[in-house]
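Below: the structure, in structure tokens.
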Amino acid sequence: MIVAKQHKYSMFVAILALLTVVSPFLAASFGAANISASDIYHAMAEKLLISSASDHTSNITQRIVFELRLPRIVLAFVAGAGLALAGSVLQTVTRNPLADPYLFGISSGASFGAVMVFTILVEGMFSPSDVIALSNGQVSWWSWQNLLLPIGAFVGASLSVLLVLCLSGLGRAAQIERMLLSGVATSFLFGALTSLVLYFSSPQATASVLFWSLGSFAKANWAGVILPTIVVSLSLMIILLFKRQISALQAGDETAHTLGVSVAKLRISMLLLCSLITAVLVATCGGIGFVGLMIPHCIRLLLPGRQPIIITAIVGGLFMVWIDVIARCILSHQELPVGIITAAIGSVFFLFILRHRR
């Protein structure tokens, strides 16, 4: 029995590794301009090897691949991995299988903070051309846009977490059961505040924020990928470092305390870490819901009894890459925000979980 489970796990890892290698080539071939997977391969080889003697692809193809599609694929992978990590950690530290950055109110708080920065600070401190450059993703690594939006989003996400902790009753026995309801209430609260801010904003800012808030990788560029990649990578290392302490929380607060875990400190730290991940991703690509709910559940169904953090992140990244492919190909001459697709799939998945738990 153990040998069969180990064989199943090895097969799963092998298939996942193959998909991770193949997916960038296949995903980059979809779009308004049809580019074959072989052309994608030659474009990557010529760019990385800097070989001009045997050019197989045109400069236009290389620009499409490296300036438009690859940054988008990388950002989608990082976003999916980060949201899956945040969802997995939230479900573990709260011992609630329905916990998710979106349902927990963290995404709404981060969106509120980012919208506040965008509509108030940006419009008040910078010219309209700067605002247009921000909404179009025309930014450099050290520009103010790459710093203000994540900071504002993190402040909003942290306020959301603190509010959830206060509403659920920190230190009470019923805290875990009340956290999700508090998160839903907090999500509605920050959603209403965001709508209020947009109501009094200029039409230009409102139109830009509306598409961004639905979740999109359309404005992805290499400069905008750096910060999310660093934050998600460092967060993954921290989660792996505290994996045993986090897993101990599943056995209950008293058991974890007996094992020497500072339960309250660890829980708050992990909640703030999830807030940081969500805030940076929301500031970069908008609100994308239910990924943190679906991916950890799917991993537990496929690999029962295991908690593979790295595999959860990879599956989340691949899932988001292909959701983005669907978003830009499902309609002709038009792109659908990825948040709409994940919300449609996630809501059905959420109902399935509720029915299964009942």
> Got a sec, which residues hit side-chain contact (heavy atoms from CB on, under 4.5 Å) with Val74, two or more places apart in sequence or on another chain?
Replying inline: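 So Val74 forms a side-chain contact (heavy atoms from CB on, under 4.5 Å) with Val78, Trp222, Val225.
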> Can you list the residues that meet the side-chain contact (heavy atoms from CB on, under 4.5 Å) rule with Cys329, with sequence neighbours excluded?
Replying inline: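 side-chain contact (heavy atoms from CB on, under 4.5 Å) check on Cys329 returns Phe30, Val325.
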>> Check whether His297 reaches the backbone of Pro97 with its side chain - one donor and one acceptor, N or O, closer than 3.5 Å.
In response: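 Answer holds: yes.
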Please name the pair of heavy atoms, one in [X] and one in [Y], separated by the smallest distance, quoted to 0.1 Å.
| X | Y | result |
| --- | --- | --- |
| Leu301 | Pro304 | O-CD, 3.8 Å |
| Phe112 | Val197 | CE1-CG2, 4.0 Å |
| Met294 | Thr342 | CE-O, 4.2 Å |

Is there side-chain contact between [X] and [Y], with heavy atoms separated by less than 4.5 Å?
| X | Y | answer |
| --- | --- | --- |
| Leu303 | Phe12 | yes |
| Asn96 | Gln91 | no |
| Ser158 | Phe154 | yes |
| Met320 | Val291 | yes |
| Trp322 | Ser23 | yes |
| Val315 | Cys298 | no |
| Ile288 | Tyr102 | no |
| Arg72 | Arg328 | yes |

> Do other residues, nucleotides or ligands put more than 12 heavy atoms under 6.0 Å from the CG atom of Leu234?
Replying inline: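 For Leu234, atom CG is crowded (more than 12 foreign heavy atoms under 6.0 Å).
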> Between CG of Leu149 and CE of Met116, what distance do you get to the nearest 0.5 Å?
Replying inline: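 Answer for the CG-CE pair, Leu149 versus Met116, is 13.0 Å.
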